[in-house]
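All residue numbers in this chain count up from 1 along the given sequence.
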Amino acid sequence: MIRELAIWALGGVGGDVAVKSLSETLQNGQSWREQALAAVSLGRIGTDRAVARLLQFHKDLEGTQYADYIEVAVIWALGRSGNAQAAPVLAQALAHTSDDVAAVAAWGLAQVSTPAAIASLFDGYWGSDPRIRQRAARGLVQAAIPASSLPRDRRRIDEIRKEIKLVNERDKVFDVEGILKGLSQAASVVTVPRDASAFIRKHAETIAAAAKRAVIARPERVLSDIVSADARLRLGHITGGRANDNEVEAMTAIARELLAEVRPVAANKGPAQTTALTFLAAAGEQADAAAIATLLGDSDREVRAAAALAAGYVGDSTMTKPLRTALADDWYGVRANAAASLGILLKGSKDTGATTQLLPLLDEDFGSVQVAAAQALGRIGSPSAVQPLQERLLSATVPTMVACVYALRQIGGPQADSVLERMQRHPDPRVREAATSK
């Protein structure tokens, strides 16, 4: 016990003498516990020399007694160091047969957070192995939203973890907008830090390069992720109706980097064609409005949903009629995307006909449809939407309430201003923020 306390203390002391002593213990400790603790202490010191000792020890660790126990500590220590030299070993450990080692490796890459480390996480996320994809997704969430940004309230953190667990149980790895914006599935629980966009801007080149490597083999998955991220940023699904210009610019730049790889996908019929058309439109390329309108009537609901999203990017007013029809689609995903796209195409028009068609969607069972409808009503800006939006606030969930408040702010007028004034005293901070922000 005394020896273990001393080993731990050396990690706090630091310096060459401590590194030398800990290296000897790492190699020849009296027990695997001492070796593991020595690794942890070297990680806490984190100097190049300490990391070099850890890397050398890790190279010789395979096949030794208690290797599985000690390796978790070594991988943790390499991540804790934040040293760029650790990235290749951590990236390799993402594919480790031990879930414990792999999970710590994903966390470690998030701590290192160099372009190479982030690239490894995106390569794993867009790869074909579902286990690695889930591990990499967790690492990317941790890199985008540091632990220091999460709420200190234990109950709220537990709610976030519960949301993450549910996503994994459904075998739905975090979609990329959740990674880039931070915990999209927990968006109703945690307020994403304003500086989350810094992660997107900082790693835009890295994300584009990783997407290029993956898009040839898995175009549908990669393009869907990028389009979904870009759409969420533009349409404000997470930001409550306010897209951050820097984030949109970064995502558009990423999309442009992939144009050469995407054009052939858009030209050929297949599961990725609709997403590819949406992708090209999002990147500023001319999209075929007639083709997208045809796809709105496809028998596959996923294709219809993608086409409804693509219609908003096309920017062609002829798309408003098929989108209005799509508001009555039998699948909620199509209805939500059609509402969002109508909001974009009819922004500022005060179109009463579209407003009348959108209002029933505020009372849908699906929250995503409610939010999309509220946001579209705000963008269209018809005063006839104020009273229904006000009434919806009486029984809405927080995400829908936030969307309604932003919509009222966009429409404006004495009645809307009166509602906003009351919402500034709402008990939920997200609603108060929506009511007070400019």
Side-chain angles (χ1 to χ4, degrees), residues 231 234-237 239-243 281 289-290 292-293 296-297 304-305 307-397 399-423 431 434-435 437-438:
R234 283 181 200 275
L235 304 181
H237 286 187
T239 55
R242 296 175 304 157
I292 291 175
L296 275 169
R304 296 199 306 275
L309 180 61
Y313 281 106
V314 171
D316 190 322
S317 59
T318 62
M319 294 302 301
T320 57
K321 184 176 180 180
L323 281 172
R324 288 188 181 190
T325 302
L327 291 177
D329 194 277
D330 60 5
W331 193 48
Y332 76 94
V334 178
R335 297 196 297 275
N337 284 352
S341 289
L342 271 177
I344 291 176
L345 293 177
L346 298 176
K347 183 177 181 180
S349 68
K350 296 183 171 57
D351 188 302
T352 55
T355 298
T356 300
Q357 282 186 274
L358 285 164
L359 287 174
L361 273 61
L362 289 175
D363 297 313
E364 281 243 8
D365 292 335
F366 298 98
S368 59
V369 180
Q370 296 172 17
V371 170
Q375 291 173 344
L377 290 167
R379 290 190 178 90
I380 293 171
S382 172
S384 63
V386 172
Q387 185 64 31
L389 286 167
Q390 180 181 351
E391 292 172 358
R392 191 67 188 90
L393 287 171
L394 298 175
S395 58
T397 61
T400 299
M401 191 176 294
V402 168
C404 288
V405 168
Y406 276 121
L408 288 168
R409 178 171 290 285
Q410 287 176 293
I411 297 170
Q415 184 179 353
D417 290 343
S418 175
V419 176
L420 291 171
E421 185 178 350
R422 291 201 304 274
M423 290 296 104
V431 178
S437 57
K438 300 296 184 183

Contacts of Thr400 that satisfy side-chain contact (heavy atoms from CB on, under 4.5 Å) - sequence neighbours left out | Gln370, Val371, Arg392, Ala396, Thr397, Cys404

Could you list the residues that satisfy side-chain hydrogen bond (donor to acceptor under 3.5 Å, both in side chains) with Thr356, not counting sequence neighbours?
-> none

Which pairs pass side-chain hydrogen bond (donor to acceptor under 3.5 Å, both in side chains) with one or both residues in residues 324-335, sequence neighbours excluded?
-> Arg304-Asp329, Arg304-Asp330, Arg324-Asp351, Arg335-Glu364

Got a sec, which residues hit side-chain contact (heavy atoms from CB on, under 4.5 Å) with Ser418, two or more places apart in sequence or on another chain?
-> Arg422

Over all heavy atoms of both residues, which pair between Leu323 and Ala308 is shortest? Give the atoms and the distance, please.
-> CD2-O, 3.8 Å

Any donor-acceptor N/O pair, Ser341 side chain to Ala338 backbone, under 3.5 Å | no

With the side chain counted from C-beta on, respond yes when Arg379 and Leu346 share a heavy-atom pair under 4.5 Å apart, and no when they do not.
-> no

Could you pull out all residues at least two apart from Gln387 that satisfy side-chain hydrogen bond (donor to acceptor under 3.5 Å, both in side chains)?
-> Glu391, Gln415

Find the distance between CG (Leu342) and CD (Gln375) and round it off to the nearest 0.5 Å.
-> 13.5 Å

What residues form a side-chain contact (heavy atoms from CB on, under 4.5 Å) with Ala376, not counting sequence neighbours?
-> Leu358

Sequence neighbours excluded, the answer for side-chain contact (heavy atoms from CB on, under 4.5 Å) partners of Ile411 is Ala385, Val386, Leu389

Distance-minimising heavy-atom pair for Ala434 and Arg409 = O-NE, 3.5 Å

Which residues share a side-chain hydrogen bond (donor to acceptor under 3.5 Å, both in side chains) with Ser368, sequence neighbours left out = none

Listed partners of Ser384 passing side-chain hydrogen bond (donor to acceptor under 3.5 Å, both in side chains), at least two apart | Ser382

Looking at side-chain heavy atoms only, is the closest gap between Leu408 and Leu393 below 4.5 Å?
-> yes

When rounded to the nearest 0.5 angstrom, what is the spacing between NZ in Lys350 and CD1 in Ile380?
-> 11.0 Å

If you look only at pairs with a residue in residues 336-364, which of them pass as a ring pair (Phe, Tyr, Trp, His ring centres under 6.0 Å), with sequence neighbours excluded?
-> none

For the residue pair Val334 and Ala305, what are the closest heavy atoms and their distance?
-> CG2-N, 3.6 Å

